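Okay, so here's the structure we're looking at.
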Amino acid sequence: MNSTVAEASRYWDRYYNQAFVPGQGLEEILDTLQALPPVRTWLDAGAGSESLLWSIPLRAERLVAVDIDADRLALLRAYAATGRPRPAYQTVLDLCARSQRDFAVRCQSLAATVRADCLTGPLPVADNSADLLTQVGLLGLTSTPAAFTTAWKHLHRAVAPGGWCAGANWVAADPAPGRVLLTASLYQRACTASGITPHLLTRVPISGDPDFTAVWIYAGRAS
């Protein structure tokens with residue numbers, strides 16, 4: 001099992017309780033997600049507890065969140081049941097010109113949570129079953145370029161022809177041993193191997209978090 005960045009509750013409180021600090025790449029990620037077309041089924045891989053944050057800029061009818069961490073999925077389900085935005089979520093609602101009513105609808109879109117390791121094999125969902133697949137922070141946990149490409153291929157089997165994918169991965173200021181070096185060519189090779197045409201691939205510098213120097217953001221469409 002691959003370790004994540006921090007224990008579930010501590011991560012939740014550090015990054016997703018108070019209003020976001022500018023300069024962490026958030027605005028660019030939101031712009032990327034908001035530019036995607038409406039979809040019926042959205043699969044969030046390595047979802048953790050925060051799929052509902054990324055649901056705000058999206059227009060998705062049905063969310064399936066997949067993660068290995070049962071505690072994070074429990075937080076996600078409990079939070080969806082409240083239907084109320086925390087301070088960080090209110091920041092995103094404001095940035096995306098969405099209302100608290102909009103957020104309640106997004107909470108109701110959570111159709112299922114699935115416990116599975118998204119980095120070690122195909123997801124336990126049907127191939128071609130998702131109109132959109134996202135991952136935020138997941139693929140940066142892989143150890144080598146080969147592991148990145150393999151995990152990417154496993155994930156994107158779920159994307160239907162003509163479907164979309166999008167995501168973001170952060171570049172650590174002090175990279176952990178055994179973590180992949182993210183590059184444009186790595187993303188391009190992974191897209192080619194999965195029949196994905198990139199529509200966006202950019203590296204955005206970060207100034208608002210001393211733990212990270214940049215974030216890679218991408219969006220693409222399956223052939």
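Residue numbers count from 1 along this sequence. Note that this is a predicted model, so its numbers are computed, not measured.
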Within the structure provided, determine whether E50 and L76 are in side-chain contact (heavy-atom separation under 4.5 Å). no
Check the orientation of W152 and Y187. Use parallel for under 30°, tilted for 30 to 60°, and perpendicular for over 60°. perpendicular
Rounded at 0.5 Å granularity, tell me how far CD in E61 sits from OG in S109. 9.5 Å
Just how far is it from atom CD of E27 to atom CG of L95, taken to the nearest 0.5 Å? 6.0 Å
If we only count heavy atoms from C-beta on, is the P85 to Y79 side-chain gap below 4.5 Å? yes
Point-to-point distance, once rounded to the nearest 0.5 Å, from CD of Q100 to CD of Q90: 5.0 Å
Here the gap from L26 atom CG to D209 atom CG, rounded to the nearest 0.5 Å, amounts to 12.0 Å
Scanning both residues in full, the closest heavy-atom pair of A190 with F148 reads CB-CE2, 3.9 Å
Of Q188, H156, K153, the one forming a side chain to side chain contact (heavy atoms under 4.5 Å, CB included) with I196 is H156
If every non-hydrogen atom of L141 is compared with every non-hydrogen atom of G137, which pair is closest and at what distance? CG-O, 3.7 Å
Just by modelled atom types, is the P87 backbone N or O under 3.5 Å from a matching donor or acceptor in the T91 side chain? yes
Identify the two heavy atoms, one from A166 and one from L132, that lie closest to each other, and give their separation to 0.1 Å. N-CD1, 4.4 Å
Would you check if the side chain of N128 reaches a backbone N or O of A160 as a donor-acceptor pair within less than 3.5 Å? no
I'd like to know if the side chain of D102 reaches the main chain of S99, judged simply by a donor and an acceptor atom lying under 3.5 Å from each other, with no hydrogens or angles considered. yes
Heavy-atom distance under 4.5 Å between the side chains of W170 and L182, does that happen here? no
Dump the intermediate steps for side-chain hydrogen bond (donor to acceptor under 3.5 Å, both in side chains) on T113 and R77, then the final yes or no. CA-CA 8 Å; T113 58; R77 291 191 299 270; 2.8 Å; yes
Within a strict 4.5 Å, meaning less than it, do heavy atoms of the H154 and L123 side chains meet? no
Between S51 and the options L43, L110, D44, D67, the side chain to side chain contact (heavy atoms under 4.5 Å, CB included) test singles out D44
Tell me if a side-chain donor or acceptor on Y89 pairs with a main-chain N or O of L52 at a distance below 3.5 Å. no
Can you check side-chain contact (heavy atoms from CB on, under 4.5 Å) on S143 and R179, steps first, answer last? CA-CA 4 Å; S143 58; R179 288 283 167 83; over 6 Å; no
Are the side chains of L119 and L138 in touch, meaning some heavy atoms are under 4.5 Å apart? yes
Apply side-chain contact (heavy atoms from CB on, under 4.5 Å) to V180 and L186, showing your working. CA-CA 10 Å; V180 68; L186 177 60; 3.9 Å; yes
When you compare the side chain of L139 with that of L155, does any pair of heavy atoms fall below 4.5 Å? yes
Test your reading of the model: is there a side-chain donor-acceptor pair from T149 to the backbone of A146, 3.5 Å cut-off? no
Heavy atoms, side chains only, cut-off 4.5 Å: are C191 and T197 in contact? no
Please report the interatomic distance CH2(W164) to CG(L133), rounded to the nearest 0.5 Å. 14.0 Å
Go through the structure and list residues passing side chain to side chain contact (heavy atoms under 4.5 Å, CB included) with D131, not counting sequence neighbours. V39, R40, T41
Give me the atom names and distance for the closest heavy-atom approach of A158 to V125. CB-CG2, 4.0 Å
Interatomic spacing from CG in D94 to CD1 in I56 - rounded to 0.5 Å: 9.5 Å
Do T134 and W42 have side-chain atoms, one donor and one acceptor, less than 3.5 Å apart? yes
Mind listing the closest non-hydrogen atom pair of G140 and N169 along with its distance? N-OD1, 3.1 Å
Heavy-atom pair of closest approach, residues P122 and R157: CG-NH1, 3.3 Å
Would the distance check show the side chain of T150 and the main-chain N or O of A147 forming a donor-acceptor pair, the cut-off being under 3.5 Å? no
Is any side-chain heavy atom of R98 less than 4.5 Å from a side-chain heavy atom of R106? yes
Within residues 213-223 or reaching into it, pairs that qualify as side chain to side chain donor-acceptor pair (under 3.5 Å) - sequence neighbours excluded: Q135-Y218
In terms of hydrophobic clustering (I, L, V, M, F, W, Y; side-chain heavy atoms under 4.5 Å; direct or indirect links), are I217 and L181 co-clustered? no
Same apolar cluster (I L V M F W Y, side chains within < 4.5 Å links), V105/L33: no
